[in-house]
Structure formats: C-alpha cells, structure tokens
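As the structure is a computational prediction, the values presented were derived from the model and not from experiment. Every chain is numbered from 1, with letters handed out A, B, ... down the list of sequences.
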There are 2 protein chains.
Amino acid sequence: MQHQKTVDNNNLSELNNILTVNLVVGNVIFAFHEEVIKILLVKRKGTSKWMLPWAFVLLEEGADETAYKLVKEKTNLDEFHISQFHLFGKYDRFDYEKHCKLLSLMGYDPKGSHSFLRYTAFMGYYVFVRYDDVAINKETEIEEIEWFDIHNVPDLYFEHNEVIEKSFLSIKQRIGYLPLAFALLPEKFTMPEMRIIYEKFLGYELDRRNFQRKILSTGLITKLEEKKKKGAHKSPYLYSFNTERYMKALENDEQLMAWTFQ
Amino acid sequence: MQHQKTVDNNNLSELNNILTVNLVVGNVIFAFHEEVIKILLVKRKGTSKWMLPWAFVLLEEGADETAYKLVKEKTNLDEFHISQFHLFGKYDRFDYEKHCKLLSLMGYDPKGSHSFLRYTAFMGYYVFVRYDDVAINKETEIEEIEWFDIHNVPDLYFEHNEVIEKSFLSIKQRIGYLPLAFALLPEKFTMPEMRIIYEKFLGYELDRRNFQRKILSTGLITKLEEKKKKGAHKSPYLYSFNTERYMKALENDEQLMAWTFQ
DNA sequence: ACAAAAGTGTTAGGCTTACACCCATGT
DNA sequence: ACATGGGTGTAAGCCTAACACTTTTGT
C-alpha cells in the first residue's frame with residue numbers, strides 16, 4: 001500500500017494527499033407521457049445549463065438513501081424503486097473552475113472546500129415513475145425543474161449526458177429480463193402503451209400480437225373489462241398488474257422472463 | 001438543498017458537517033481450479049481476519065482505475081476485465097473502533113483522519129482470472145494472500161461476506177447473457193470444464209449434450225484436434241476461444257446469447 | 001364508406017429438452 | 001471386463017415469428 005501519509009489535524013492542504021474522492025449520487029428519473037420517454041432535469045437559478053438531480057452523499061447517509069431522498073424531493077413521490085446502474089468518475093473529469101458558480105449556488109462552499117469538490121465519483125441511479133403521479137413545481141425560488149424528451153436533451157453539466165445514455169443502455173439490456181416498464185404506466189394501461197415503451201427503449205418496432213402473448217405469459221398482468229377510447233379505431237382493453245408479485249420480483253431479481261425480442 | 005455550511009480552512013471538526021463519505025473499491029477475484037470456484041483473499045499481518053482486496057479511491061484516481069490497480073497488484077496480471085456490480089454502504093456500517101488497528105496497519109492514520117474513515121461507501125467489482133496465470137506470493141512482509149473455496153470463506157472484515165454473496169448472485173444472473181466463464185479457463189479447455197463453471201454459478205447440473213450445443217452455437221469457440229487425458233474414460237476434446245470477439249462482446253455488452261438453462 | 005388500429009387465430013419452423021447409443025480409458 | 005464419463009445423434013414438442021382476417025371507432 002502506498003498511502004502512508006498521516007494527517008495534520010490543522011492543515012487542510014496536507015489532507016489532499018490522503019483524502020479520497022467525494023461520492024455523488026444522481027438520478028435519471030424516467031417517465032412516459034404521450035408516447036414519449038421523458039427525463040426529469042433541474043436547473044439552478046443563475047446557472048446556464050440543465051443537469052440531473054444530484055447530491056453529495058453526506059457522512060450521515062448511505063448512497064442509496066441519498067438517491068432515494070433526492071427522487072422523493074424532486075417528484076413528491078414515496079413509492080418507487082431506484083436502481084444502481086453505473087459508477088462514473090474519471091480523473092480530472094470534474095472541472096472545478098467551470099462549476100465554481102454552480103457549486104456555490106448549491107450550498108457547497110467552493111472556496112473553503114476547493115480540494116474536496118474537485119474530484120468526485122458519480123453513482124448513477126435510474127428510477128421509473130408514473131408521469132401523472134408526479135407533481136413538480138416547474139419553478140421554485142432556487143431552481144427550475146422540467147420534463148425533457150429523451151431524444152431532446154440539451155447539453156448538460158458535468159458528464160450528465162453520458163450518464164443518461166448509459167442509463168438508457170442499461171435499461172435496454174435489462175428490459176427483457178425484468179418487468180421494468182410497468183413502473184412507467186398508470187394503474188390501468190393498454191397493451192399498445194406498454195408495447196411502445198418497449199419499442200422506445202429497444203429502438204425498434206415489435207409485432208403487437210406476439211408482444212401481447214409474451215407479456216401475458218408472465219402472469220403478471222390482468223385483463224380488465226374496461227376499454228380505453230382513443231381515436232378512430234377499436235378501443236383497446238385495459239390491463240392492471242399484480243403489484244405484490246412485481247415488487248417481489250424486483251427485490252429478488254427473480255427471473256420472470258428472458259426475452260430477446262426478434 | 002440543505003447543506004449550506006461553509007468550511008473553515010483551519011478547523012477540521014467543522015468539516016464533518018459538510019464532508020461526504022469516502023469511497024472504497026474492493027475486488028472479488030474469481031478463479032477456477034480442480035472443479036472449484038476460488039476467491040482471492042488477503043490478511044494483514046497483525047490482524048485477525050481475512051478480507052477482500054480493497055483500497056480508498058484517492059484524489060488523483062478514478063474508481064475503475066483504483067480497482068484495476070488493485071487486481072494487478074495482487075495477481076501480477078495485466079489483462080483482465082473488471083466489472084462493477086454493486087455499491088454498498090449503509091450508515092454506521094463502518095465500525096471505526098473495531099477496525100482502528102487494521103486501518104493503521106494499512107497506512108491510513110486512524111487518529112488524524114478519524115472522521116474521514118468512519119463512514120464509507122464500498123464499490124464492488126468482480127474479476128475473472130485464470131488460476132494458473134496468477135502468481136501470488138502467499139506471504140509477504142505485510143500480508144498473507146490465499147485462494148479460498150467459494151463455499152468455504154471464513155468470517156471477513158467489514159461486510160465483505162455480503163459483498164461476495166452479492167457478486168456471486170450478480171454473476172449467476174449475468175452468466176446466461178455474457179460469455180463470462182471463458183475468462184476463468186486456460187487457453188485450451190474442455191467442454192466439461194466449462195460446463196462445471198456454469199453449474200457452480202447456477203447451483204444446479206446441466207445436460208452436457210445440450211450445453212455443448214448451446215455454447216458452440218455462439219460461434220465464440222473453436223474445437224481443436226487435441227484431447228485432454230484425465231481419468232478412466234474417453235478423453236474430451238480441447239477448445240479455444242476467439243479472444244477478440246470475446247473482448248468486444250464484453251466491452252459492448254453485446255447480446256451473444258440469452259439462456260435460461262432448463 | 002373508409003382509414004386506422006385493435007382483437008383473435010393459425011401455421012411453419014426453429015430451438016430446446018430429453019433421451020439412446022456408442023466409444024475411449026484406466027483399474 | 002467393467003465402470004466412468006465423453007462423443008454423437010434424434011425425435012417430440014414447445015415456443016416464436018410471421019402473417020391473415022375480423023372488429024370497432026371517428027371522420
């Protein structure tokens with residue numbers, strides 16, 4: 001081991017040589033609205049760019065806890081499942097000079113804690129929420145918050161564009177094995193709605209008839225009597241899903257399906 | 001945001017209120033030898049328990065980099081692929097008093113940096129290496145290092161037992177989609193050897209004939225002319241695998257297969 | 001009436017599973 | 001000679017992909 005330095009309790013600059021990187025968590029919060037996958041972004045008043053909701057993991061917290069609180073704070077929701085997907089953090093990726101103003105606005109003193117904020121590791125989480133359940137105040141005193149179409153995300157702070165791309169890729173890879181899409185849909189949803197979510201993440205179209213067979217074969221969802229009127233065509237049936245079994249599957253990473261989709 | 005504290009450059013105790021958790025990376029290094037899955041553990045001289053190789057991520061490093069260096073240091077290997085699998089870290093999980101001596105022995109000054117070492121987040125990586133390629137010095141001046149059977153791991157420092165379990169579970173889930181097992185095998189290997197690896201991770205036996213068909217269908221491995229003598233029975237053929245395609249698949253998380261195995 | 005999109009059903013073919021049988025090797 | 005375990009082959013059947021046809025709805 002090469003880190004043999006000791007710490008002088010009264011000399012911060014000495015600490016630079018032994019201190020470890022800071023840990024930041026950030027959330028890619030996904031929703032689905034009008035056939036489009038949306039992501040929730042925030043923008044501090046007085047700054048120039050949008051970014052993902054993020055926060056330093058403080059001493060008294062765990063990373064999962066910080067990430068959970070962050071989602072709760074932004075969406076006003078209680079029940080959701082956050083998923084780790086990747087730890088980011090290259091040396092020198094955190095350009096201090098550039099982000100000095102932002103950090104200051106977020107309550108982190110860039111002068112005093114210069115060395116602590118320069119290099120960080122970023123733990124990425126993704127979350128699926130129901131668009132209609134989320135009540136955001138589009139503008140508060142300190143920040144703006146807004147849904148963005150996944151394919152219309154502006155240039156963001158830090159490496160957040162990369163983070164979003166990676167989250168999308170992770171989901172694409174997991175969506176065939178975990179019943180992720182359910183969390184994006186309202187309590188009652190139609191088969192076409194669900195299929196579109198899969199299509200958006202996968203990046204190609206699916207045969208609606210075969211898709212339906214696959215989904216139903218999991219036993220996770222129940223066909224309802226009701227239909228949903230929506231345009232100049234036959235109304236699709238509504239379905240609901242078994243939340244208990246779904247949550248259990250998420251917790252246990254149970255193997256409910258293993259689909260490659262064409 | 002609630003962290004509005006500023007930092008007094010000359011007062012460490014003040015920092016406790018703004019400082020974030022430390023980031024530690026650790027590796028579950030897997031190997032395969034005599035039909036058994038092995039894990040590499042280390043033990044500092046003067047301490048009582050074994051543990052996974054781990055290190056604080058220092059300011060000048062990225063997490064992946066630290067994890068890579070750690071594996072290289074322990075195994076003397078250059079070429080391997082490390083995979084993130086989970087970020088651990090509950091509040092209060094890092095019992096300072098208990099580990100004071102260990103930290104001191106590892107070159108981290110527990111007196112001076114008390115507050116920095118109390119709470120940490122632990123990023124878990126797993127790595128697959130070839131047993132025969134690893135040259136470990138079983139005992140150096142500062143530590144012992146040893147292979148342990150996966151099902152015979154002693155009580156370890158910190159939450160390392162939990163980390164190993166979780167890594168095993170992650171692999172079990174990914175082994176059907178990624179050609180992981182190859183990295184555990186020597187350049188030339190037999191089909192039964194490879195099958196046993198799958199069986200160990202999955203926890204149940206597989207039909208040897210169907211297994212062979214599946215593996216061959218990926219086009220990743222080539223049958224050689226040679227055979228391997230090994231007991232009172234017909235000698236199995238040797239196979240080699242296409243490293244280029246394998247590495248590319250790992251990098252891109254390419255979908256080479258999607259198996260559920262019975 | 002017609003276009004759009006959903007519901008339902010069918011069929012061919014590929015892949016998986018579950019075997020049977022034969023072959024090499026060491027004791 | 002025999003037990004052990006590997007090599008090769010095959011048939012049944014399930015699952016999937018591809019596609020046809022009917023039904024509902026708004027304009």
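Atoms CZ (Phe211(B)) and P (dG7(D)) sit 12 Å apart, rounded to a whole Å. The interatomic distance linking Asn210(B) (CG) with dT8(D) (P) rounds to 14 Å, in whole Å. Straight-line distance from the CZ atom of Arg208(A) to the C1' atom of dC21(D): 11 Å, rounded to whole Å. To the nearest angstrom, P of dT17(C) lies 16 Å from CD of Glu205(B). Atom CZ in Arg195(B) sits about 9 Å away from atom C1' in dG6(D), given to the nearest Å. The separation between Ile215(B) atom CD1 and dG7(D) atom C1' is 17 Å, rounded to whole Å. We find that CD of Gln212(A) is positioned 15 Å from P of dA17(D), with the value rounded to whole Å. Look at CZ on Arg213(B): it is 13 Å from P on dG7(D), rounded to the nearest Å.
Judged as a ring pair (Phe, Tyr, Trp, His ring centres under 6.0 Å), and not counting sequence neighbours, the contacts of Phe80(B) are Tyr68(B). A search for side chain to side chain contact (heavy atoms under 4.5 Å, CB included) contacts involving Asp155(A) returns Lys49(A), Asn161(A), not counting sequence neighbours.
Aromatic ring centres of Phe128(B) and Tyr126(B): separated by under 6.0 Å. Ring pair Phe201(A)/Phe30(A): centre-to-centre distance below 6.0 Å. Side-chain rings of Phe148(A) and Trp50(A) approach one another, their centers coming within less than 6.0 Å. Between Tyr198(A) and Phe211(A), a ring centre-to-centre spacing shorter than 6.0 Å is recorded.
Each of dT8(D), dA18(C), dA18(D) was ranked by its minimum atom distance to the side chain of Arg209(B); first place goes to dT8(D). Across dC19(C), dT10(C), dT8(D), the shortest atom-to-atom separation from the side chain of Tyr237(B) is found for dT8(D). When each of dA6(C), dC19(C), dG6(D) is scored by its nearest atom to the side-chain atoms of Pro236(B), the top-ranked nucleotide is dG6(D).
Phosphate contact (OP1/OP2 of dT17(C), side-chain N/O of Lys214(B), threshold under 4.0 Å): present.
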Find every protein N or O atom lying less than 3.5 Å from an N or O atom of nucleotides 24-27 of chain D, and list the pairs.
residue, atom, partner, partner atom, Å
dT24(D), O2, Lys234(A), N, 2.6
dT25(D), O4', His233(A), O, 2.9
dT25(D), O2, Ala232(A), O, 2.9
dT25(D), O2, His233(A), N, 3.2

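Nucleic acid contact for Lys223(B): sugar-phosphate only, since backbone atoms but no base atoms lie under 4.0 Å from a heavy atom of the residue.
No salt bridge links Asp132(B) with Arg130(B); every basic N to acidic carboxylate O contact stays at or beyond 4.0 Å.
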